[in-house]
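Worksheet: the structure to be examined is printed underneath.
Since we're looking at a predicted model, the values are computed, not measured. For the numbers below, each heavy atom of this structure counts, side chains included, while hydrogens, waters and symmetry mates do not. Residues take their numbers from the sequence shown, with the count starting at 1.
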Amino acid sequence: MIRQTNDEGLADGGESLFISDLHLGVDRPEILACFLRFLEGRARAAQRLYILGDLFDVWIGDDDLNPFNQRVIQALRDLTLSGTACALLRGNRDFLLGRRFARLTGCVLLSDPHRVLIGGESTLLMHGDLLCTQDLDYQRLRRRLRNPVVQWLFLHRPLAKRQATADAYRQLSASAIAEKPLTIMDVEQKTVERYLRRHRAQRLIHGHTHRPEDHVFSLEGRPVERLVLAEWRDGVGEVLSHSAHGWQREVVR
């Protein structure tokens with residue numbers, strides 16, 4: 001019997017876990033502790049783990065191997081060495097995660113969007129920011145920050161200057177978000193439908209919006225769904241799982 005594989009070549013079987021928006025940082029030690037417990041326990045029971053962006057609240061380059069980052073890298077390495085495969089999408093906060101990080105952790109870096117087979121069904125994985133097309137200012141900024149030339153110039157600056165730039169950007173981002181209507185920062189339904197149609201997927205899983213919910217609707221006469229992942233906060237996380245028992249959301253403490 002031939003087993004179908006997903007786009008990373010992983011067998012489409014066993015349990016898959018999905019998380020996003022942990023925003024790990026030294027100022028959120030309770031989230032780090034929760035994540036480490038998750039990697040050492042629940043995650044090892046699964047065949048694969050998908051992290052759909054914003055694992056870190058900021059990532060200024062793979063050469064920033066401070067003690068905090070090294071602790072996360074080692075925990076991910078221990079997970080992949082234990083036999084659980086880990087695939088990672090880059091988010092709007094950690095889009096500079098690169099090949100060195102992947103090599104050190106054993107994680108696979110995915111493109112955004114990325115289609116996989118989950119339970120034999122075509123599933124599209126995204127961070128979610130590409131779906132927020134009503135936020136024109138953000139989409140322009142995103143295109144600029146993802147420009148390879150801009151990234152090369154940034155990564156060749158000293159670490160201290162990169163950190164100062166990242167801190168200033170976070171402050172500006174928080175101010176801009178406070179002034180925007182919530183509807184602008186949510187996904188655009190027409191954009192969701194366009195991605196599902198383009199990738200011939202029947203399910204979309206994403207984070208970014210911090211609005212966890214299961215959306216079921218009809219697209220060209222067929223039922224499709226959009227599953228939104230939760231942000232981890234106050235020492236509590238959430239994982240979306242798929243196994244022989246179907247789809248479930250679980251609290252992580």
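- Among all heavy-atom pairs drawn from Cys34 and Trp232, the shortest one is SG-CZ3, 3.8 Å.
- Asp57 places no side-chain N or O within donor-acceptor distance of the main-chain N or O of Gly25, the cut-off being under 3.5 Å.
- Here the side chain of Arg28 pairs a donor or acceptor atom with the backbone of Leu22 at under 3.5 angstrom.
- Looking only at distances, a side-chain donor or acceptor of Ser82 sits under 3.5 Å from a matching main-chain atom of Leu79.
- Taking a cutoff of 4.0 Å between a charged side-chain nitrogen and a carboxylate oxygen, Arg233 and Glu231 qualify as a salt bridge.
- Asp94 contributes a side-chain N or O that, together with a main-chain N or O of Gly91, makes up a donor-acceptor pair within less than 3.5 Å.
- A donor-acceptor contact shorter than 3.5 Å links the side chain of Arg90 to the backbone of Leu97.
- No donor-acceptor pair under 3.5 Å is formed between the side chain of Asp21 and the backbone N or O of Ala230.
- Here Val187 sits in one hydrophobic cluster together with Leu124, Met126, Leu130, Leu131, Val192, Tyr195, Leu196, Leu204, Phe217, Leu219, Val224; the rule is ILVMFWY side chains under 4.5 Å apart, joined directly or through other members.
- By the ring-ring contact (aromatic ring centres under 6.0 Å, His included) test, Phe35 pairs with no residue at all, sequence neighbours left out.
- In this structure, the side chain of Asp234 does not engage the main chain of Val236 through any donor-acceptor pair within 3.5 Å.
- Asp167 and Gln163 share a side-chain donor-acceptor pair at under 3.5 Å.
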Got a list of side-chain donor-acceptor pairs under 3.5 Å for residues 101-113, not counting sequence neighbours?
| unit_1 | atom_1 | unit_2 | atom_2 | d |
| --- | --- | --- | --- | --- |
| Thr105 | OG1 | Phe101 | O | 2.8 |
| Thr105 | OG1 | Ala102 | O | 3.4 |
| Thr105 | OG1 | Cys107 | N | 3.1 |
| Ser111 | OG | Pro113 | O | 3.3 |
| Asp112 | OD2 | His127 | N | 3.3 |

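- In this structure, the side-chain hydrogen bond (donor to acceptor under 3.5 Å, both in side chains) partners of Asp63, at least two apart in sequence or on a different chain, are Arg162.
- Counting only distance, with no hydrogens or angles, the side chain of Gln248 and the backbone of His242 share no donor-acceptor pair below 3.5 Å.
- Residue pairs satisfying the side-chain hydrogen bond (donor to acceptor under 3.5 Å, both in side chains) criterion with at least one member in residues 215-225, sequence neighbours excluded, are listed as follows: Arg197-Glu220, Arg203-Glu225, His215-Arg226.
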Residue pair Gln70, Gln74: steps toward the side chain to side chain donor-acceptor pair (under 3.5 Å) verdict:
CA-CA 6 Å; Gln70 288 192 53; Gln74 186 59 55; over 6 Å; no

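- For His114 and His199, the ring centers sit 6.0 Å or farther from each other.
- Of all the heavy atoms in Cys132 and Thr209, the pair that sits closest is SG-CG2, 4.3 Å.
- Linking ILVMFWY residues whenever their side-chain heavy atoms come closer than 4.5 Å, directly or via other members, leaves Ile205 and Ile51 in distinct clusters.
- Nearest heavy-atom pair across Arg42 and Leu17 is NH2-CD2, 3.7 Å.
- Side-chain contact of Gln202 with Thr123: a donor-acceptor pair under 3.5 Å is absent, judged by distance alone.
- Side-chain N/O atoms of Thr84 and Arg44 include no donor and acceptor closer than 3.5 Å.
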Evaluate side chain to side chain donor-acceptor pair (under 3.5 Å) for Gln47 paired with Glu15, printing each intermediate quantity in order.
CA-CA 5 Å; Gln47 183 167 339; Glu15 185 178 42; over 6 Å; no

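- A donor and an acceptor atom, one from each side chain of Asp54 and His208, are nowhere located under 3.5 Å apart.
- Remark: Thr165 engages Arg157 in a side-chain hydrogen bond (donor to acceptor under 3.5 Å, both in side chains) (not counting sequence neighbours).
- Proximity of a side-chain donor or acceptor of Asp62 to a complementary backbone N or O of Arg100 within less than 3.5 Å is detected.
- At most 12 heavy atoms of other shown residues, nucleotides or ligands fall within 6.0 angstrom of atom CZ in Arg71.
- Taking CG of Leu136 as the start and CG of Leu141 as the end, the distance is 12.5 Å to the nearest 0.5 Å.
- Counting non-hydrogen atoms of neighbouring residues, nucleotides and ligands closer than 6.0 angstrom, the NZ atom of Lys180 exceeds 12 such neighbours.
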